[in-house]
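Note that the numbering runs from 1 along the sequence shown for the chain. Keep in mind the model is a prediction, meaning the values are calculated, not measured.
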Amino acid sequence: MKKLLFVLLMSGIVATGFSQQKIKLGHLNSNDLLEAMPEKANAQKSLQDYSKQLEDQLVAMQDELEKKYNEYLEKKDTYTDLIKKNKEEELTSLQQRIQTFQSNAQQDLQKKEQELLKPIIDKAKKAIEDVSKENGYTYIFDSGTGSLLYYPKDSDDILPLVKKKLGIN
C-alpha cells in the first residue's frame, strides 16, 4: 500500500514537472535588424529610383500646365469666347489629371514599398522563428515597436475569455 501511494505520488510529481514548461524570453529591435540586412539597402534604392520616375513625370505634367496657363494668359484677350472656354477646360482637365496622378502615384509608391519590403520582412520573421525554436525561446519581443514577434502556436489565445468578460459576443 505504501509502495502504491509512493508510486502515485511520484508519478504526480513527474507529471507536474513535465507539464510546467520553462519560459524563456528574448527580445530584439526589428528596426535594427531590417537596417542591417543588405536586401534593405537594395530595396530602398529601388524605391528611390521608382519615386524619382514618378516625380519626374509629375514635374513634366506641372511644367506642361504652367506653360499652357502662361500661354493662355498671354493670348486670352485675342481668343474668341469659344476658344477661351475650350482652353480653360483644357487647363482644368490637365490640373485634374495632375491631381489624380499625384494621388495614384502616392498609392502606387506605398504599394511598391510594401512589395519590396515583404520578402525582406518575411526572411527576417523566418530567421527569428528559427532562432527562437533552435534556442528554446518561448516568446520574443520587439524592443523597437513593443510588439510580440514570436510565440508558440499552441499557446492560449485569451481573446474569447476577455470578450466574454466584457460581454462581447
- prompt: Is the shortest side-chain N to carboxylate O distance from Lys52 to Asp56 below 4.0 Å?
  reply: yes

- prompt: Side chains of Asp130 and Lys126: does their closest heavy-atom pair fall under 4.5 Å?
  reply: yes

task: Taking all heavy atoms of Ser46 and all of Leu116, pick out the closest pair and write down the distance.
output: CB-CD1, 3.9 Å

- prompt: Is a salt bridge present between Lys118 and Asp122, judged by a nitrogen-to-oxygen distance below 4.0 Å?
  reply: yes

- line: When every non-hydrogen atom of Ile128 is compared with those of Tyr150, the smallest separation belongs to CG2-CB, 4.4 Å

message: Please determine whether residues Leu54 and Leu47 belong to a single hydrophobic cluster, defined as Ile, Leu, Val, Met, Phe, Trp and Tyr linked transitively by side-chain heavy-atom distances below 4.5 Å.
response: yes

query: Under 4.5 Å between any side-chain heavy atoms of Leu91 and Lys68, yes or no?
result: yes

field: Heavy-atom side-chain proximity of Ile23 to Leu25 below 4.5 angstrom
entry: yes

task: Return the minimal non-hydrogen interatomic distance between Met37 and Ala124, and the atom names on each side.
output: SD-CB, 3.9 Å

message: Would you say Tyr151 ends up clustered with Phe141 if hydrophobic residues are merged whenever their side chains have heavy atoms under 4.5 Å apart, either directly or through other cluster members?
response: yes

query: Can we say Glu129 and Lys125 salt-bridge, meaning some charged N sits less than 4.0 Å from an Asp/Glu carboxylate O?
result: no

query: Backbone N or O of His27 within a donor-acceptor pair of the Ser143 side chain at under 3.5 Å?
result: no

query: Applying the 4.5 Å side-chain criterion to the ILVMFWY set and letting contacts propagate, would Ile83 and Leu73 be lumped into a single cluster?
result: yes

Side-chain H-bond candidate by donor/acceptor type, Asp142 with Thr145, under 3.5 Å: yes

- prompt: Are Leu65 and Gln62 side-chain neighbours, meaning at least one heavy-atom pair lies under 4.5 Å?
  reply: no

field: Heavy-atom pair with the smallest gap, counting every atom of Tyr139 and Leu148
entry: CD2-CD1, 3.9 Å

Ile98 to Met61 - nearest heavy-atom pair and separation: CD1-O, 3.5 Å

query: Is the backbone N or O of Val131 less than 3.5 Å from a side-chain atom of Asn135, with the two atoms forming a donor-acceptor pair by type?
result: yes

- line: Taking every heavy atom of Lys84 against every heavy atom of Tyr79, the minimum-distance pair comes out as N-CB, 3.9 Å

message: So for atom CD, which belongs to Gln99, do other residues, nucleotides or ligands contribute more than 12 heavy atoms lying within a distance under 6.0 Å?
response: yes

message: Any salt bridge linking Asp49 with Lys45? Criterion: basic side-chain nitrogen under 4.0 Å from a carboxylate oxygen.
response: yes

- prompt: Does Tyr50 share a hydrophobic cluster with Phe101, counting links as ILVMFWY side-chain heavy atoms below 4.5 Å and allowing steps through other members?
  reply: yes

statement: OH (Tyr69) and NZ (Lys76) are apart, to the nearest 0.5 Å, by 7.0 Å

Gln53 CD to Leu58 CG distance, which is reported to the nearest 0.5 Å: 13.5 Å

message: Between Thr78 and Lys75 (side chain of the first, backbone of the second, donor and acceptor by atom type, cut-off under 3.5 Å), is there such a pair?
response: yes

- prompt: Between Lys85 and Glu88, is there a salt bridge with N-O shorter than 4.0 Å?
  reply: no

